[in-house]
Amino acid sequence: MRDPRFDILFEAVQIGPHTARNRFYQTPHCNGMGNLRPQAHAAMRGVKAEGGWAVVNTEHCSVHPSGDLMPEVLQMLWDDGDIPPLALMVDAVHEHGSLAGVQLAYPAYYNANRLTRDVPLGPMDRPVSGHHPIQVRAMDKQDIRNLLGWWKAAANRARKAGFDILNVDANFSTIAFQFLSPRNQRTDEYGGSLKNRIRLLKELIEVTREGGSDQCAVSVRLIVDELFGNLGLRAPDEGIEAIGMLAELPDLWDLVIGTWADDSPTSRFAPENDHEPFMVGVKAVTTKPVIGVGRFTSPDTMASLIRRGVLDMIGAARPSIADPFLPKKIEEGRYEDIRECIGCNICVSSHFAMTNLRCTQNPTMGEEWRRGWHPERIAPKKQDKSVLVVGGGPAGLECARALGERGYRVTLAERETKLGGRVTLEGELPGLREWLRVRDWRVTQLNKLANVEVYVGSELTAADVAEFDPDHVVIATGSHWRADGIGRASHLPLKMATAMRVFTPDDIMRGVSPKGRITVYDDDHYYMGSVIAEKLALEGNDVTLITPASDVSSFSINTLENIRVARRLFDRNVKMITHSSLVEGKKDTVLVGDVRTGARAEYSADALVLVTSRLPNSQLFHTVSSHYGHTEGNPKVSRIGDCNAPAAIYAAVYSGHRFAEEFDVDTPLLRRERIDLIKSGAIADC
Ligand code: ADP
Ligand code: SF4
């Protein structure tokens, strides 16, 4: 049963003409499906509603072709033809008794209009972001009148699609906010004073109200602090003043801070509820419901924010991705079942990859329609079978858990005394503690399954497996870091003096602690190089990070972390050398070559940590396969996760889950959303 102290989270909230059944609000978030994959999008949002989110929003929905963000996969309401894909989502959300919201948006300084080639518009003449050789034209009065007309028409279409809440997006890169920002230097009645700068937002709220008539609530998603120092809108000053000026005009305030990277920091750099200081004073200037985010996973934090009058509803994007059933689990008192977001931002990276949303904790995310997966349900077993899973890292744990849920007799054997594999090791690195949630949630779930037996401290050999002789063997023995330097830049082993002390991340994670001047060579480009450098610097060493890339941890631009990574290393006195690939390790120096000019340079080093690439631990797989009569795998033997192909943790979890979903099942081809050329009349029926 639910603890009564959380009852407050299940009180209804009035939002204009509609009532949200509880205080859980899924804020708008990108998902890589958008209107390009509308059925996948609708199914994903529907699952959120099923999981108890009282309000489920779309992502950015462009109101006009001159606000085109292609190739990003988002929503649009440019004409009536855009209504059906969104109506699909509305129906999926309504089916479970939730309210559907649409984030009406028009970008500014971000709209290169690569699809439509319309001239981008904005408050002032300025280049568009992203280094495109294109400028925004400053809007004149007619442009503003046009925008209001487009916006109202889009609001009207959103109403026709069935949306309950029409959101006026005044996020960082939107027209409404760029007018509101103090950096708007217009000299007419839309620039200068706060009263002038907020005029466009006010007018947009008014036309949204007209477009939605009395059927729809109107919400505003606003930045309360730009985090831009003196050049930006700040809380409490103008941030709170701006809300106060329009206090009762919308039916709800949904508040964010800064850019996307500021608003959605990873757990490496910010804890849960990091926005609270910016919310102080908001409730004093409006009686309308206030929503904030902060990667909330703790019911105590949520209830406390409501009780203390900071927020009226709990906003969440990432926690709703990691666990679409978070509200239901709190409602039913199943707190330990909450699959807590680990704050890794792999979900964000799928937006930049422009493909179906993916999540480290929730492997079913983005697969609801195309593979028919569900975060809380999985098909029961077809027949009684025993499965041995060797290796208890993220892949093995998820595989054993999901197979166990299906009802198979599962045995999981792990060599170490602790489960978790790489997650257990990496979770001890600076800033990565929350990643242990990948292990902990799965271990909790495994403990509930009577048909799964877990053995730790059990290193299995091929002979052990043969003796056990299950119906199926899954090898999930992981991978190890290479010590020869082969990676993206070096295709052959690097020349290394025997006097140079060479280590890998595995050595460092297992407690080896080199001292002195240490070079970390990062040819992996995600987090490992920088966290190893940070750890060694914290231990008092003189650390230099060298990378062939133009940025340190360059993949982390996709997880919104790259600036913070560089700043963290700078703060820890780690020297950063980019555009340089390792050529040779000498006695007490490393020789590097500039990847642009070929110029050579030498740096002192007492030790070298190679963070380049990994090799699968696939020996057991091959030996067991040949025991059963094949050298490259037998129908009775499978390999998953890093043992199959090393990748980030989300891929290992996905691999384990996919195996369990597809075991003993005739798996149909991935469902795709294609243009029907016959229906569209482009070709004759064939
Ligand atoms: P993945 O990310 O694919 O799950 P990990 O490296 O995290 O890979 O996990 C692999 C796990 O397999 C580790 O915990 C390791 O201790 C375990 N392991 C490796 N070889 C054996 C073996 N022969 N028997 C049992 N466990 C093993
Ligand atoms: Fe959270 Fe990571 Fe999943 Fe995103 S990918 S929702 S940050 S666990």
Side-chain angles (χ1 to χ4, degrees), residues 29-31 264-268 272 295-297 316-324 326 339-351 357-366 375 388-400 411-427 434-435 437-439 441-442 454-465 473-481 506 509-510 558-561 614-621 623-624 639-656 659:
H29 68 74
C30 303
N31 53 82
S264 303
T266 57
S267 58
R268 186 174 168 191
E272 179 183 25
R295 207 163 42 75
F296 302 122
T297 55
R318 290 173 294 174
S320 76
I321 294 169
D323 198 339
L326 183 148
R339 202 166 27 212
E340 293 179 296
C341 167
I342 68 165
C344 62
N345 280 3
I346 279 298
C347 47
V348 175
S349 77
S350 41
H351 169 68
L357 188 54
R358 56 204 59 187
C359 169
T360 302
Q361 274 286 54
N362 175 11
T364 68
M365 184 43 61
L388 171 65
V389 180
V390 186
L397 285 174
E398 175 62 18
C399 183
T411 304
L412 173 67
E414 164 56 45
R415 176 182 62 199
E416 307 292 331
T417 51
K418 265 192 184 165
L419 290 166
R422 61 182 289 196
V423 165
T424 297
L425 291 171
E426 294 179 21
E434 284 193 23
W435 292 20
R437 292 172 171 182
V438 172
R439 173 196 70 191
W441 182 79
R442 288 173 174 80
V454 178
Y455 297 93
V456 291
S458 302
E459 178 164 9
L460 297 195
T461 62
D464 297 328
V465 175
V473 189
V474 180
I475 307 290
T477 45
S479 64
H480 61 276
W481 288 91
D506 291 321
M509 288 190 286
R510 290 186 187 279
N558 298 298
T559 53
L560 309 173
E561 293 173 290
R614 288 178 285 152
L615 282 169
N617 298 330
S618 51
Q619 190 52 48
L620 186 66
F621 169 77
T623 320
V624 171
R639 56 180 159 176
I640 60 170
D642 292 335
C643 161
N644 193 22
I649 296 167
Y650 77 89
V653 174
Y654 182 83
S655 162
F659 177 86

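Counting starts at 1 for both ligands and their atoms, following the listed order.
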Could you name the option among [options] that has the heavy atom nearest to [atom]?
atom: atom 8 (O) of ligand 1; options: A652, G457, G478; answer: G478
atom: atom 24 (N) of ligand 1; options: L460, N644, V456; answer: L460
atom: atom 20 (N) of ligand 1; options: T477, V423, L425; answer: T477

So is there a nitrogen or oxygen of [X] less than 3.5 Å from a nitrogen or oxygen in ligand 1?
X: D642; answer: yes
X: A395; answer: yes
X: G641; answer: no

Within-4.5 Å side-chain heavy-atom neighbours: [X] and [Y]:
X: C347; Y: M365; value: no
X: I342; Y: I649; value: no
X: L419; Y: R442; value: no
X: W435; Y: S267; value: yes
X: N345; Y: R318; value: yes
X: T266; Y: L560; value: no

Testing D323, T297, L326 for side chain to side chain contact (heavy atoms under 4.5 Å, CB included) with R339, which one passes?
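So, applying the side chain to side chain contact (heavy atoms under 4.5 Å, CB included) to R339 and each of D323, T297, L326, only D323 qualifies.
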Sorted by chain and residue number, which protein N/O/S atoms are under 2.8 Å from atom 2 (Fe) of ligand 2?
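Those protein N, O or S atoms (cut-off: under 2.8 Å from atom 2 (Fe) of ligand 2) are C344 SG.
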How far is atom 9 (O) of ligand 1 from the closest protein heavy atom, and which atom is that?
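Residue, atom and distance for the closest contact: G393 CA, 3.4 Å.
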CD1 of I321 to CD of Q361: how many Å apart, nearest 0.5 Å?
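Interatomic distance, I321 CD1 to Q361 CD, rounded to 0.5 Å: 12.5 Å.
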Under 4.0 Å, heavy atoms only, figure out whether ligand 1 is touched by the backbone of S458, its side chain, both or neither.
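Contact part for S458 vs ligand 1: backbone (N, CA, C, O).
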